[in-house]
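Let me begin by presenting the structure, written as structure tokens, before commenting on it.
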Amino acid sequence: DVQLVESGGGSVQVGESLRLSCAATAFTYSTLAWFRQSPGKEREGVAALDVGGGTSYADSVKGRFTISKDHATYTLYLNMTDLKPEDTAIYYCAPDPSATLVSNVRYSPLSSDEYSDWGQGTQVTVS
């Protein structure tokens, strides 16, 4: 199984930015995604990136968050701008080896059901 280590979280003020990183032992041919979970809530899909460069974002982060990856270093990124208190959560990255394109109407790239390997998460607090 691929090992995932998230980093880059922290405590910021409203309107500030953060960049999260997810270091993987390898990038298998996978759709890659960021999820988040806050206390008392279910894990929520934030952004996904498929092998063709297609992306999918939750409505709550569109225009503020950008997902990207660096194949050379096996690193997945989440650039977060204009952060809001409701963005406070633990953020996780995950791969989906099915490598389904996000444009596939039968695929839910932001559903945690599509993923099985998770990192330990990184805390983001916005106040």
Side-chain angles (χ1 to χ4, degrees):
D1 292 342
V2 64
Q3 302 298 311
L4 307 162
V5 179
E6 300 93 339
S7 62
S11 295
V12 298
Q13 296 189 340
V14 172
E16 293 186 339
S17 301
L18 278 175
R19 187 176 78 160
L20 304 184
S21 299
C22 172
T25 51
F27 271 170
T28 57
Y29 192 70
S30 301
T31 299
L32 303 168
W34 285 97
F35 286 77
R36 67 186 181 188
Q37 189 168 21
S38 50
K41 294 187 177 180
E42 293 187 355
R43 191 166 295 187
E44 170 192 25
V46 175
L49 175 66
D50 67 27
V51 296
T55 57
S56 179
Y57 294 94
D59 288 342
S60 58
V61 307
K62 281 181 181 176
R64 300 189 298 121
F65 290 12
T66 303
I67 187 171
S68 62
K69 66 182 178 183
D70 184 333
H71 255 291
T73 61
Y74 299 134
T75 304
L76 179 70
Y77 298 104
L78 184 68
N79 283 299
M80 307 186 296
T81 64
D82 190 23
L83 284 162
K84 304 176 180 182
E86 51 264 42
D87 296 318
T88 296
I90 299 174
Y91 284 72
Y92 303 87
C93 61
D96 175 14
S98 77
T100 307
L101 298 180
V102 300
S103 59
N104 187 323
V105 295
R106 297 185 179 186
Y107 182 55
S108 301
L110 299 182
S111 169
S112 59
D113 293 341
E114 304 287 358
Y115 303 84
S116 58
D117 289 322
W118 302 90
Q120 86 291 345
T122 185
Q123 175 71 50
V124 172
T125 303
V126 186
S127 60

(request) Determine, stepwise, if the pair S56 / L110 fulfils side chain to side chain contact (heavy atoms under 4.5 Å, CB included). (result) CA-CA 8 Å; S56 179; L110 299 182; 3.8 Å; yes
Give the table of side-chain donor-acceptor pairs shorter than 3.5 Å for residues 10-24, with sequence neighbours excluded, one pair per line with atom names and distance.
from, atom 1, to, atom 2, distance (Å)
E16, OE1, Q13, N, 3.0

(request) Grab the two heavy atoms, one from P109 and one from A33, that are nearest each other, plus how far apart they are. (result) O-CB, 4.3 Å
(request) Report yes if some heavy atom in the side chain of P95 is under 4.5 Å from a heavy atom in the side chain of T31; otherwise report no. (result) no
(request) Kindly indicate, with the supporting measurements, whether the criterion side chain to side chain contact (heavy atoms under 4.5 Å, CB included) is fulfilled by F35 and E44. (result) CA-CA 5 Å; F35 286 77; E44 170 192 25; 5.9 Å; no
(message) On a heavy-atom basis, which atom in A47 and which in L78 lie closest, and how many Å separate them?
(response) CB-CD1, 4.1 Å
(message) When you measure from the side chain of S111 to the backbone of D113, do you find a donor-acceptor pair of N or O atoms at a distance under 3.5 Å?
(response) yes
(message) Would you say that W118 contacts R43 through its side chain, given a criterion of any heavy-atom pair below 4.5 Å between the two side chains?
(response) yes
(message) I want to check something: taking the side chain as every heavy atom from C-beta on, are L76 and I67 in contact at a cut-off of under 4.5 Å?
(response) yes
(message) Test: ring-ring contact (aromatic ring centres under 6.0 Å, His included). Region: residues 44-70. Which pairs qualify, not counting sequence neighbours?
(response) none
(message) Using every non-hydrogen atom in the two residues, find where S68 and N79 come nearest and quote the distance to one decimal.
(response) OG-ND2, 4.5 Å
(message) Between W34 (side chain only) and Y77 (backbone N and O only), is there a donor and an acceptor less than 3.5 Å apart?
(response) yes
(request) Mark yes or no for whether D50, through its side chain, and G53, through its backbone, hold a donor-acceptor pair below 3.5 Å. (result) yes
(request) Might you point out which heavy atoms bring G54 and V102 nearest each other, and give the distance in Å? (result) C-CG2, 3.7 Å
(message) Any side-chain to backbone donor/acceptor pair from E114 onto Y107? Under 3.5 Å, distance only.
(response) no
(message) Show the nearest heavy-atom pair for residues L101 and G52, with the distance to one decimal.
(response) CD2-N, 4.1 Å
(message) Is there a continuous path of hydrophobic side-chain contacts, each under 4.5 Å between heavy atoms, that joins V46 to Y115?
(response) no
Give every donor-acceptor pair under 3.5 Å between a side-chain atom in residues 83-91 and any protein atom, sequence neighbours left out.
from, atom 1, to, atom 2, distance (Å)
D87, OD1, R36, NH1, 2.9
D87, OD1, R64, NH2, 3.0
D87, OD2, R64, NH1, 2.8
D87, OD2, R64, NH2, 3.4
D87, OD2, K84, N, 2.8
T88, OG1, P85, O, 2.9
T88, OG1, V126, N, 2.9
T88, OG1, V126, O, 3.4
Y91, OH, R36, NH1, 2.9
Y91, OH, D87, O, 2.6

